[in-house]
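Heads up: the structure comes next, in C-alpha cells.
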Amino acid sequence: MSRGTLIDLLYLVAALTFILALKGLGSPKRARQGNMVAAAGMLLAVVATFFNRVDGHPLHHVLLIVLGMAVGLVVAVPTARFVQMTAMPQLVAIFNGVGGGAACLVSLTEFIHIKSTKPATYVVLEVLLGVLIGTVSFSGSAIAFAKLQELMTGRPITYAGQQVINALVGLAALAVIVITLVTSSTALLWVLLVVAFVLGIAFVLPIGGADVPVLISLLNSFTGLAVAASGFTLGSNLLIVAGTLVGASGTLLTMLMSKAMGRSLPNILFSAFGSVVTAGTGAGAEQRTVRSGSPEDVAVMLGFASRVVFIPGYGLAVAQAQNVLRELAENLEKKGVEVFYAIHPVAGRMPGHMNVLLAEANVPYDDLIEMDEANSELESADVAIVVGANDTVNPAANDDPGSPIYGMPIIHADAAENVIFMKRSMRPGFAGIDNELLYNPKTTLVFGDAKDTLTKIVAAVKAS
Amino acid sequence: MTNVLLQYATVFVLSVFVGIEIISKVPSILHTPLMSGSNAIHGVILVGSMLILGAANTNAEEVLGFLAVILATLNVVGGFVVTDRMLEMFKPRTPRAKADADAQKGADS
C-alpha cells in the first residue's frame, strides 16, 4: 500500500469516528464515550497529516505547525477546563467562531497558493464560498460572544434603514463574488473578506438574547459548511465529510429551534424580536391584581403536594440558583413528593441550555422531561413552580393571535392545580409581553431573587 | 465539470443525509453537547490548516497558514474538552438514591 493510500485510509477511519460520536449522542449513556472516540479519530487524522505530502513533497514548516498547535493548546485547554459552566454558551460561540476563521484562512491561503496555475472557475467559487461563510461565522460568533458575555447589550441593536443596509452589504458580497469569478483577481478576495466581516456583524446585531439559541446553532452549521468548502478546494474527503455532517446537523437543529419558537427562521433572524418593550396590553393592565405570597406560604403549599413540577428558564442561570433548586427537589423527595423538571426546548441561551445547567447541579437526567411529555404530566401535578422562565409559559402564545409569540408551543404551567411564579419584579419577559399567567387565580407570585427565595423555601420545607 | 468534482459532490450529498439521519435521533436533553461536539468535529479544519502551511511558499501564505493552525487548534481542542466536561455532568438517577426515595415514600404513606 502506498503512503498516500494509507493516509487516505486513516482519514476514512477518522471520518467514521466522527459519525460514531454523533450517533453516540443518541443517549446520555454512550455520549461521553462517543466524544472520546471522535477525539481519538481527530488525533489520528492530525498525526497522519504530518506524514502527508503536498505538491509532491513532505510538509514544509513542520516546526511552525507544531508551534501553532502548541499556542492553540496552551490557550484552549485551560479556557475550556476552567471557565465557569454558566459561561458555556459564549464559550461554544467563540470556539465555533475560531473554526470559521480557520476555514476562511485555509480557503484564502489555498487561493494565493494556486492562483498562478489559473484555477478553474468552480475552484474559485469554492474558495469564495469558504471565505464568505467562514468569515460571516467568525465575525457573527464574535458578536454573539460579546452579547452573551454582556460586553454589549443582549437586546437587539437596531437603527434606521437597518434592513436596507444589511441587504446592501449582502448584495455587495454577491457582486464581489461574481466579479471575482470572472476576473480571478486576488485583490477582490480581500475585499470580499472585509465585506463578509461586516456582513457577519450586521447580521447578528439585530438578533436579541432570547433568539440566540437559534443563532448559535445556525453559526455552527455555517462553520461546518465553510469547512466543507475548504475540503472541496483542498480535495480532502475528510474535510468534506466532517464539515457537511456539522453543516447538516446544525441546519436541522436550527429548524428544530425555530419550530420550538413557533416562528419562521427568517422571522427570527430579521425581525429584531424583543426590541420593543410594550407597556402591557390595555390601559388597565397596571392596576390588575395579582396574588403574592411569601416563601413560607410556598413551603406550606408544597407540604400538601404529592407532585411538583419545576419549570426553569434563563433567569435560573442568571440567578445561579440551580443548586438550590436541586436542594429543594431533594428535600421534597425525602418527604415523598414526586418531582420533575419540565424543559422547554428554547429555554436559555443555547439549545438544551437548561439540561446542562441542571446536570451541572447534579440533577439526574431521568428527571428532566421534554415539553410534550411535561404537558401531559402537568395535568396531574399539584404545584408548578416557574423559576426564571416567562415567555415559555405565557398562555398568550396559545390564545392571543395578536401577540408576537402567538404560535409558540409553551409549557402549560396553568394545567397544574397551583402555580408558583418566581419573579424579580412585574417587568415583562424578554419578548416584552405581558403574561396572563401572572393574573391567573391559580397563581401565587413570589417576588425577589430566585436564589434567595429558593433558599428560604428550602429552610421552611426542612423545618416543617 | 470534472470527475473529481463529481466524486466530491457525491461525498457531500451522502454526508448531508447521514448528518440529518443521525442528528434527528439526538434527544433534546443532549442538544448542547450536540452543538459543542459537532463544533469540535468541524475542528478537523486543523488538517486543512496543516496542509496549507505545509505547502506555503510565500511569507503571506506562512503567516495566514500559521494563524489558521492556531485558530483551528483552539477550535478542535476547546471543542472536545468542553464537550467532555458537559457530558461528564450528565448522570442517571443512581439506583441507590431512587431506592432511598422509594423507601422514604413507602414509610411516609
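Residue numbers begin at 1 in each chain, while the letters A, B, ... track the order of the sequences.
- Per-residue heavy-atom pair counts under 4.5 Å with chain A were compared for B:L34, B:V11, B:V26, B:L74, and the maximum is reached by B:L74.
- Only the backbone of A:S27 has a heavy atom closer than 4.5 Å to any heavy atom of chain B.
- Side chains of A:L22 and B:E21 form no contact here, defined as non-hydrogen atoms less than 4.5 Å apart.
- For residues 35-50 of chain B, every residue pair satisfying the side-chain hydrogen bond (donor to acceptor under 3.5 Å, both in side chains) rule, not counting sequence neighbours, is listed here: A:N96-B:H42, A:N220-B:S38, A:N220-B:H42, B:S36-B:T83, B:N39-B:H42, B:N39-B:N75, B:H42-B:N75.
- The choice from B:G43, B:P33, B:G78 that makes the most heavy-atom pairs within less than 4.5 Å of chain A is B:G78.
- Looking at B:K25, the atoms closer than 4.5 Å to chain A (heavy atoms on both sides) all sit in the backbone: N, CA, C or O.
- When A:T109, A:L59, A:L245 are compared by the number of non-hydrogen pairs under 4.5 Å with chain B, A:T109 comes out ahead.
- No side-chain heavy atom of B:F66 sits less than 4.5 Å from a side-chain heavy atom of A:I65.
- Within the model, atoms OG of B:S28 and CD1 of A:I369 stand 11.0 Å from one another, a figure rounded to the nearest 0.5 Å.
- Heavy atoms of A:L256 lying under 4.5 Å from chain B belong exclusively to its side chain.
- Going from atom CE of A:M257 over to atom CE of B:M35 covers 8.5 Å, rounded to the nearest 0.5 Å.
- In terms of heavy-atom pairs under 4.5 angstrom with chain B, the leader among A:S221, A:A38, A:G243 is A:A38.
- Without hydrogens or angle criteria, A:T244 side chain to B:F12 main chain gives no donor-acceptor distance under 3.5 Å.
- The greatest number of non-hydrogen atom pairs below 4.5 Å with chain A, out of B:V77, B:V69, B:T73, B:I29, is found for B:I29.
- When side chains are defined from C-beta on, B:M86 does not count as touching A:E360, because their heavy atoms never get closer than 4.5 Å.
- Looking at A:F50, the atoms closer than 4.5 Å to chain B (heavy atoms on both sides) sit in the backbone and in the side chain alike.
- Interface remark: of the candidates A:V75, A:L91, A:V77, A:V83, A:V83 forms the most heavy-atom pairs closer than 4.5 Å to chain B.
- Chain B forms more heavy-atom pairs under 4.5 Å with one residue of A:M85, A:E110, A:H57, A:M88 than with any other, namely A:M85.
- For B:V44, the parts lying near chain A are the backbone and the side chain together; criterion is any non-hydrogen pair under 4.5 Å.
- A salt bridge links A:E333 with B:R93: the closest approach of a Lys/Arg side-chain nitrogen to an acidic carboxylate oxygen falls below 4.0 angstrom.
- Residues B:M50 and A:V46 are in side-chain contact: their nearest non-hydrogen atoms beyond the backbone lie under 4.5 Å apart.
- Note: A:D367 leads A:D367, A:T121, A:I216, A:L368 in heavy-atom pairs under 4.5 Å with chain B.
- Heavy-atom distances place no part of A:L358 under 4.5 Å from chain B, backbone and side chain included.
- Only the side chain of A:M42 has a heavy atom closer than 4.5 Å to any heavy atom of chain B.
- Taking each heavy atom of A:E370 and B:P27 in turn, the nearest pair found is OE2-CB, 4.1 Å.
- Residues B:L51 and A:N52 are in side-chain contact: their nearest non-hydrogen atoms beyond the backbone lie under 4.5 Å apart.
- For B:E88, the parts sitting under 4.5 Å from any heavy atom of chain A are the backbone and the side chain alike.
- In terms of modelled atom types and a separation under 3.5 Å, the side chain of A:H353 and the main chain of B:T32 share no donor-acceptor contact.
- Contact count versus chain A (heavy atoms, under 4.5 Å) is highest, among B:L53, B:L67, B:V82, for B:L53.
- The structure places CG of A:N355 at 9.0 Å from NE2 of B:H31, a figure rounded to the nearest 0.5 Å.
- Interface residue B:L46: only side-chain heavy atoms are found under 4.5 Å from chain A.
- Annotation: maximal heavy-atom pairing with chain A below 4.5 Å, among B:V76, B:V81, B:L14, B:V63, occurs at B:V81.
- For the atom pair CD1 of A:I19 and OG of B:S15, the computed distance is 7.0 Å after rounding to the nearest 0.5 Å.
- A:H113 meets the side-chain hydrogen bond (donor to acceptor under 3.5 Å, both in side chains) test with A:D55, B:E61; sequence neighbours excluded.
- Interface remark: A:S230 contributes side-chain atoms only to the contact with chain B (heavy atom separation under 4.5 Å).
- If you measure heavy-atom distances from A:E330 to chain B, you find no contacts under 4.5 Å at all.
- Contacts of A:F82 with chain B are made by backbone atoms alone, with heavy-atom separations under 4.5 Å and no side-chain atom involved.
- Of all heavy-atom pairs spanning A:L239 and B:V47, the tightest one is CD1-CB, 4.1 Å.
- The candidate from B:V18, B:T58, B:V13 with the greatest count of non-hydrogen atom pairs under 4.5 Å with chain A is B:V18.
- Scanning all heavy atoms of the two residues, the minimum distance from A:P28 to B:L30 falls at N-CD1, 3.6 Å.
- Counting non-hydrogen atoms of neighbouring residues, nucleotides and ligands closer than 6.0 angstrom, the NZ atom of A:K29 reaches no more than 12 such neighbours.
- One distance of note links OG1 of A:T223 with CD1 of B:I41; it measures 13.5 Å at 0.5 Å rounding.
- B:R85 places a side-chain N or O within 3.5 Å of a backbone atom of A:R81 that can act as its donor or acceptor partner.
- Remark: side-chain polar atoms of B:Y8 are paired, donor with acceptor, to backbone N or O of A:G235 under 3.5 angstrom.
- Remark: side-chain polar atoms of A:S249 are not paired, donor with acceptor, to backbone N or O of B:G19 under 3.5 angstrom.
- B:I52 approaches A:L105 most closely through the heavy-atom pair CD1-O, 4.1 Å.
- Both the backbone and the side chain of B:A55 come within contact range of chain A, with heavy atoms under 4.5 Å apart.
- Both the backbone and the side chain of A:V98 come within contact range of chain B, judged by heavy atoms closer than 4.5 Å.
- Looking at A:Q33 and B:L87, their side chains never come closer than 4.5 Å, going by heavy atoms from C-beta outward.
- Minimum interatomic distance between B:A68 and A:A102 (heavy atoms only, all atoms of both residues): O-CB, 3.8 Å.
- Counted within 6.0 Å of CZ on B:F17, heavy atoms from surrounding residues, nucleotides or ligands total 12 or fewer; the atom is thus considered open.
- Annotation: the span from A:S107 atom OG to B:L64 atom CG amounts to 11.5 Å, rounded to 0.5 Å.
- When the candidates A:L253, A:N362, A:V62, A:L234 are compared by the number of heavy-atom contacts under 4.5 Å with chain B, A:L253 comes out ahead.
- Closest non-hydrogen pair, B:I20 versus A:A248, comes out as CG1-CB, 4.0 Å.
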